[in-house]
Structure formats: C-alpha cells, structure tokens
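The structure under discussion appears below in the form of structure tokens.
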Amino acid sequence: MILEDYIEQNARLYPTKDAIVCGEDRSTWAELHERVEQRAHALSSHQSPVTRHQIQKKAEGQVVCLRALPTIDYLVTYFAYHRIGRVVAPMEREMPKVMFDRIATALESQRVPEGSADILYTTGTTGQSKGVVISHQAVVANAENLIDGLGFTHETVCVITGPMNHIGSLSKVYPIVLLGGTMIFVDGFKDINSFFAAFSYPSDKMATFLVPASIRILIQFGERQLTALSHKIDFIETGAAAISQTDMQALCRLLPHSRLYNTYASTETGIISTYNYNDGQCIMGCLGKPMRHSEIVITGDGLIACKGKTLMTGYVGELERTAKVLRDGTLYTNDIGRLDEKGMLHLSGRKDDVINVGGFKVAPTEVEDAALSWPHVNDCVCISVEHRITGHALKLLVVMADGERLDKKELARYLSTKLEPYKVPMLYEQIDTVKRTFNGKIDRKYYGPKI
C-alpha cells in the first residue's frame, strides 16, 4: 500500500472523522478521499482547477512541481498526483517564479526510478540545495518509524506549523494518514496565538513538531499558555537542528507529563532514531535508539551512517554525487556521533561545521549551547575568523535578551566555567538576530568566509 491507499481505507473506516483542519476549513476522511479522487480525475483529464502558476503539468510517470501551501487543497493535489502515478516535487511557497520554472524545466528531462513518490529539496545551509528522491516505500517506512518511535495513534491530533516541502513537517502527515488520525495546519509560527488556538481542538492526545528555534519562542513568550495546555499535549517532537540543554530542561519543567522527543532525521536518511528527553536525565545531544526500519553504524572516522527502508533513492540527476554518500544500501552522513553501551546515538555536530583552533577541533554547537545557558543570551552563533597565530579563532555572535547589553568579559568568564579553555571564544559581538533557514537551522553558509 502507498499513502493514498490508506486515505481510501480511512474513508471506509472513519468516514465522518476529521482528517484535516485548517482554520475554518476542514475535511473528513470521506470528504478528503472524494476530493482526491475528483482531483486525480481532473488532472489526468487536464481539467485541473489549480492555476498554471502553481503547477507544471507533466506526462504520466514524470515529475510535477507544486508550491507547498499549508492548505487542504495543497494536500488534495499532492495526493492526487500520486494517485495518477506522478512524482511530486514540493517547492518552497515563496520561491520566485523564475526559479520555480527553472527547476520545473530541469526536472522535465529527468528520469526517476519506478516507485518514486517525491523529490524533496534540501535547505542547502552548508552547500548547494539538492533534489532528494523519496520512494513510496520510504514514505510508509518513515510513517511506521514515527508510529513506533513516538507513539502516534488513531487518536493523535497533530498540529503542523512548518513548511510542507520539508521532511520535518511533511513526514508528520504520513503517520496520521496511516492511522486515520487528525492533522491541524497552522500557517507558520510567526503568530504564537494562532499556534495556541489550534490546541483548542477537543482532544487530549495532541502533538506537534517544532524546530528548536520555535521551542525557544514558546519558552520565552508562551510559558503561561503552554503550562495551561499541559494536560492536552501528548508529545512534542523536535529536530532539524540541535536543541540546547537549557531549552530541553525548561520544556521538561513546563510539560512534566508529556513525551518530549529529540529526533535524528534528514531528507536523505529519513526518520532514523528518537529520544524522549523528559526521562529524568535529559541527556544533551542524545537521539535515542534506531527505529523499526533503521540501523545506525559509526564509521572509522566517527561519522554516522544509516541503513534501512527510509533512505533516499538518490539525488535526482546526480549519479556521481549520489555514489559519494549512498553505497551498498548505506547512507554516509557528515554528522559526528557515537553509540553508547545501550545503543543510544549521541550527536556532537557536523564534520563540515567543526572549527580547527590551533590544532584543537571545536564543534560550534557545543559553544552555542553553553552560551544559551546564560540567562542574558536569547540566541547566538559561533563562527570561525582568521587569526594570525592560530590560523582560526572562535567568535561568538550574540543576540541579547530585551534591554540587555553584551558584557564580553562577563560572558567569557561564564563560558570558562562551562567549556575547556580552547573552546572559549576569543571574540564577541552583539547582533540583532541570527540568520536561520526556514526550518530553524542556523544558516552556517551565510556565516562563511565572508565574515
């Protein structure tokens, strides 16, 4: 079965149950199935009600580009294209038309393997964005990993706030469809009140996926509302970037009875492992044990490699690049990690991000986590700058709490109590905001050599 087969199954089993809620618009499973079938017929007959600006029509079995919108109609079209055998490439909703058309044109000549479902483009925080081919098998395997690992059930009501062209949010659709749960769309995370309003839905089995930057916003500005909803929140998952120890502990304090998951996943690997850090230990950097369809190995140079059904098929149109990371059913990442005696994965950063300071290797995430534990710091990024003696030195760019001014010496003294001497930055600068991608990752490419 592919994802769309489960929609048909849910229409029979739970016809009147809410499948999707989006503001005042909602659809039951029976209505969703009917809309998908009608849209599939219209698309196959070239009578789609969707505008030409949103969709590039292709022949059977080829790729179609679709703007990813947080709407029921978007998902209807997404499912309908799968139903008629197309491969969907969800694109960032605000992507300029020139760029959208350029990608759509490039994909016209590409051939993807049989059984392909989607092409998801990576954010390109450390390099060029790549089109990752995801199979229908991987979609279902990701769903089953999330069901087993996080405890999705038929009663789960999942609030989805992130972009629907990224695996972090799109993958939450998968288990809901398999189980016949309910999903609620919130258009981004700019309006915290809209997020909390979604939790007025009549359920005490609510869940959501939030990137660490969004969790920090909740802790800083929504503590009262979050505490008031604690009896309704079954679990919160985070991923896409490292969450700080301070924020982990704060969320555990606010939601003592909720499961709080830190998940290891990427577009290329799929959903691999997760750790409920609300376990009384709250282990920083821990990402738990591999899930049902996944296996983790650590290479000789300390990098994480993954096996299993959730892996990508490859990079579209890039056989050489694919061969560099995907060999004999194993996906080799640039993430630095280890497995402990219990088989739990611990992540310490990315190989590409490590900064060499006079021969010592420093993971910027460790420095950032230490700085975020200082009450006066709201956000920060640790970067590398040239130094005439050591070659490179650490510089910490800091966003201070409202009304606070950076005292460089005081912050340096504080960090010296948390870090080894070579990890304490030499330089400090107060900034207004940290540049991040749409899914909350620090845009380290932005803070590259030009700094």
- prompt: Under the 3.5 angstrom rule, does the side chain of Ser169 hit a backbone N or O of Met164 as a donor-acceptor pair?
  reply: no
- prompt: Can a salt bridge be assigned to the pair Asp247 and Arg216 using a cut-off of 4.0 Å between side-chain N and carboxylate O?
  reply: yes
- prompt: Is there a donor-acceptor contact under 3.5 Å from the side chain of Tyr414 to the main chain of Ser373?
  reply: yes
task: Using atom types as modelled and distance alone, determine if a side-chain donor or acceptor of Thr153 lies under 3.5 Å from a backbone N or O of Glu155.
output: yes
task: Would you check if there is a donor-acceptor pair between the side chains of Asp301 and Thr299 at a distance under 3.5 Å?
output: yes
- prompt: Between atom CG of Leu427 and atom CG of Leu394, what is the distance when rounded to the nearest 0.5 Å?
  reply: 9.0 Å
message: Check whether Thr208 reaches the backbone of Val159 with its side chain - one donor and one acceptor, N or O, closer than 3.5 Å.
response: yes
- line: Here the gap from Tyr315 atom OH to Lys130 atom NZ, rounded to the nearest 0.5 Å, amounts to 4.5 Å
field: Side-chain donor-acceptor contact under 3.5 Å, Arg444 with Tyr446
entry: no
- request: Answer yes when Asp369 and Lys418 have at least one side-chain N-carboxylate O distance shorter than 4.0 Å, and no when they do not.
  value: no
task: Give a yes or no on whether a salt bridge exists between Glu410 and Arg413, defined as a side-chain N under 4.0 angstrom from a carboxylate O.
output: no
message: Between Thr274 and Thr263, is the side-chain hydrogen bond (donor to acceptor under 3.5 Å, both in side chains) condition met? List the steps.
response: CA-CA 4 Å; Thr274 198; Thr263 296; 2.7 Å; yes
- request: Go through the side-chain N and O atoms of His346 and Asp340 and say whether any donor and acceptor fall under 3.5 Å apart.
  value: yes
query: Would you say the side chains of His392 and Glu386 form a donor-acceptor pair under 3.5 Å?
result: no
- line: For Ile119 and Val63 the tightest heavy-atom approach is CD1-CG2, 3.7 Å
field: Ile20 backbone acceptor or donor facing Ser27 side chain under 3.5 Å
entry: no
- prompt: Using a distance-only test with no angle check, is there a side-chain donor-acceptor pair under 3.5 angstrom linking Asp18 and Tyr201?
  reply: yes
- request: Answer yes or no: is there a donor N or O on one side and an acceptor on the other, between the side chain of Tyr261 and the main chain of Gly239, under 3.5 Å?
  value: no
- prompt: Does Phe189 have its ring centroid less than 6.0 Å away from the ring centroid of Phe195?
  reply: yes
field: Validation row, ring centre His136 to ring centre His82 under 6.0 Å
entry: yes
query: Under 3.5 Å, side chain of Thr322 to main-chain N/O of Glu318, donor-acceptor pair present?
result: yes
query: Looking at Tyr428, does the NZ or CZ of Lys408 lie under 6.0 angstrom from its six-membered ring centre and within 45 degrees of the ring axis?
result: no
query: Do the two ring centres, one from Tyr121 and one from His166, sit under 6.0 Å apart?
result: no
message: Determine whether the aromatic ring centres of residues Phe235 and Phe152 are separated by less than 6.0 angstrom.
response: yes
- line: The residue among Val424, Leu406, Leu411, Val381 that forms side-chain contact (heavy atoms from CB on, under 4.5 Å) with Leu396 is Leu411
query: Is Lys395 salt-bridged to Glu429, cutoff N-O under 4.0 Å?
result: yes
field: Point-to-point distance, once rounded to the nearest 0.5 Å, from CD1 of Ile272 to CG of Leu345
entry: 10.0 Å
query: Tyr74 versus Leu66: any side-chain heavy-atom pair under 4.5 Å?
result: yes
message: Can you tell whether the side chains of Arg253 and Glu223 come within less than 4.0 Å, N to carboxylate O?
response: yes
task: Work out which heavy atom in Leu311 is nearest to a heavy atom in Ala138; give both atom names and the distance.
output: O-CB, 4.0 Å
query: If you measure from the Lys or Arg side-chain nitrogens to the Asp or Glu carboxylate oxygens, is any gap between Glu92 and Arg67 under 4.0 Å?
result: no
message: Would you say NZ of Lys351 has more than 12 non-hydrogen atoms from neighbouring residues, nucleotides or ligands within 6.0 angstrom?
response: no
- prompt: Should the pair Asp148-Arg292 be classified as a salt bridge under the 4.0 Å nitrogen-to-oxygen rule?
  reply: yes
message: Applying side-chain hydrogen bond (donor to acceptor under 3.5 Å, both in side chains) to Ser384 and Tyr447, what does each step give before you reach the verdict?
response: CA-CA 9 Å; Ser384 172; Tyr447 294 106; over 6 Å; no
message: If we count only N and O atoms by modelled type, under 3.5 Å, do the side chains of Asp407 and His376 hold a donor and an acceptor together?
response: no
query: Under the 3.5 angstrom rule, does the side chain of Lys289 hit a backbone N or O of Ser273 as a donor-acceptor pair?
result: no
message: Within a 6.0 Å radius of atom NZ on Lys205, are there more than 12 heavy atoms belonging to other residues, nucleotides or ligands?
response: no
message: Assess, by modelled atom type and distance only, whether the side chains of Ser266 and Thr269 contain a donor and an acceptor separated by less than 3.5 Å.
response: yes
- prompt: Hey, are Asp118 and Arg86 close enough for a salt bridge, meaning a charged N less than 4.0 Å from a carboxylate O?
  reply: no
field: Within 6.0 angstrom of Glu420 CD, more than 12 heavy atoms from elsewhere
entry: yes
query: Looking only at side chains, do Tyr277 and Gln249 share a donor and an acceptor under 3.5 Å apart?
result: no
- request: Kindly give the heavy-atom pair with the smallest separation between Leu178 and Glu144, and that separation in Å.
  value: CD2-CG, 3.9 Å
- line: dist Ile271:CD1 -> Leu146:CG (nearest 0.5 Å) comes out at 5.0 Å
- request: Enter the distance from Leu254:CG to Leu218:CG here, rounded to the nearest 0.5 Å.
  value: 9.5 Å
- prompt: Does one side chain, of Asn145 or Ser294, offer a donor that lies under 3.5 Å from an acceptor on the other?
  reply: yes
query: Got a second to check how far Ile355's CD1 is from Lys423's NZ, nearest 0.5 Å?
result: 12.0 Å
